[in-house]
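Just below is one structure, and these are the notes that go with it.
Note that the structure is a prediction, hence the values are computed from the model and not measured. Keep in mind that the numbers below use all heavy atoms, side chains included, and drop hydrogens, waters and symmetry copies.
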Amino acid sequence: LDVLSNPSIHEAYNQFKSWQGLLRSSLPPFMVAGPRDRRIEEGGSIQLSCKVVGNPWPHVRWYKDDDEVIPDDYTNVYSEGDYQHVQIDDITIDHRGKYSV
């Protein structure tokens, strides 16, 4: 559930969705919903998500501090529609940091 304090953002996004397939010009990426601050115990799992739109659909990269998040046995970076996710399993102290897109 995305909560928007400014109704014009929601209206603009709905107009964008309805016309996105017809657009011939590009639109810069726009973050509709960013990742939230989260805390997790060691050994647990976490999923961070954001919603980014643009035309063409933007390629989103996740960062931990200043380094790009690279998928491995415990880390999965994926998208579902216009939602982008990073899933980290078996959290350790090494995963601590600021995650951003």
(message) Taking side-chain contact (heavy atoms from CB on, under 4.5 Å) as the criterion, tell me which of Val53, Asp82, Val52 meets it with Pro58.
(response) Val52

(message) Restricting to non-hydrogen atoms, name the atom on Met31 and the atom on Pro35 that form the minimum distance, rounded to 0.1 Å.
(response) SD-CD, 4.4 Å

(message) I'd like to check the salt bridge (Lys or Arg N to Asp or Glu O under 4.0 Å) partners of Glu68; sequence neighbours left out, ordered by chain and number.
(response) Arg61

(request) Give the other cluster members for Tyr63, using side-chain heavy-atom distances under 4.5 Å between Ile, Leu, Val, Met, Phe, Trp and Tyr residues; answer none if it is isolated. (result) none

Could you list the donor-acceptor pairs under 3.5 angstrom formed by side chains in residues 71-79, with sequence neighbours left out?
{"residue": "Asp72", "atom": "OD1", "partner": "Tyr74", "partner atom": "N", "Å": "2.8"}
{"residue": "Asp72", "atom": "OD1", "partner": "Thr75", "partner atom": "N", "Å": "2.8"}
{"residue": "Asp72", "atom": "OD1", "partner": "Thr75", "partner atom": "OG1", "Å": "3.2"}
{"residue": "Tyr78", "atom": "OH", "partner": "Gln47", "partner atom": "NE2", "Å": "2.4"}

(request) Supply the atom-to-atom distance His59 NE2 to Gln84 CD, rounded to the nearest 0.5 angstrom. (result) 8.5 Å

(request) Could you state whether Val60 and Ile46 fall into the same hydrophobic cluster, counting links through intermediate Ile, Leu, Val, Met, Phe, Trp or Tyr residues with side-chain heavy atoms under 4.5 angstrom apart? (result) yes

(message) Please find the pair of heavy atoms, one from Asp89 and one from Ser45, that lie closest to each other, and give the distance.
(response) OD1-OG, 2.9 Å

(message) Tell me whether Ile88 shares a hydrophobic cluster with Tyr83, the cluster being built from Ile, Leu, Val, Met, Phe, Trp, Tyr side chains joined at under 4.5 Å.
(response) no

(message) Going by salt bridge (Lys or Arg N to Asp or Glu O under 4.0 Å), name the pairs with one or both residues in residues 36-49, residues two or more places apart or in two chains.
(response) Asp37-Arg39

Give the table of side-chain donor-acceptor pairs shorter than 3.5 Å for residues 90-101, with sequence neighbours excluded, one pair per line with atom names and distance.
{"residue": "Thr92", "atom": "OG1", "partner": "Asp94", "partner atom": "N", "Å": "3.3"}
{"residue": "Thr92", "atom": "OG1", "partner": "His95", "partner atom": "ND1", "Å": "3.3"}
{"residue": "His95", "atom": "ND1", "partner": "Thr92", "partner atom": "N", "Å": "2.9"}
{"residue": "Tyr99", "atom": "OH", "partner": "His95", "partner atom": "O", "Å": "2.8"}

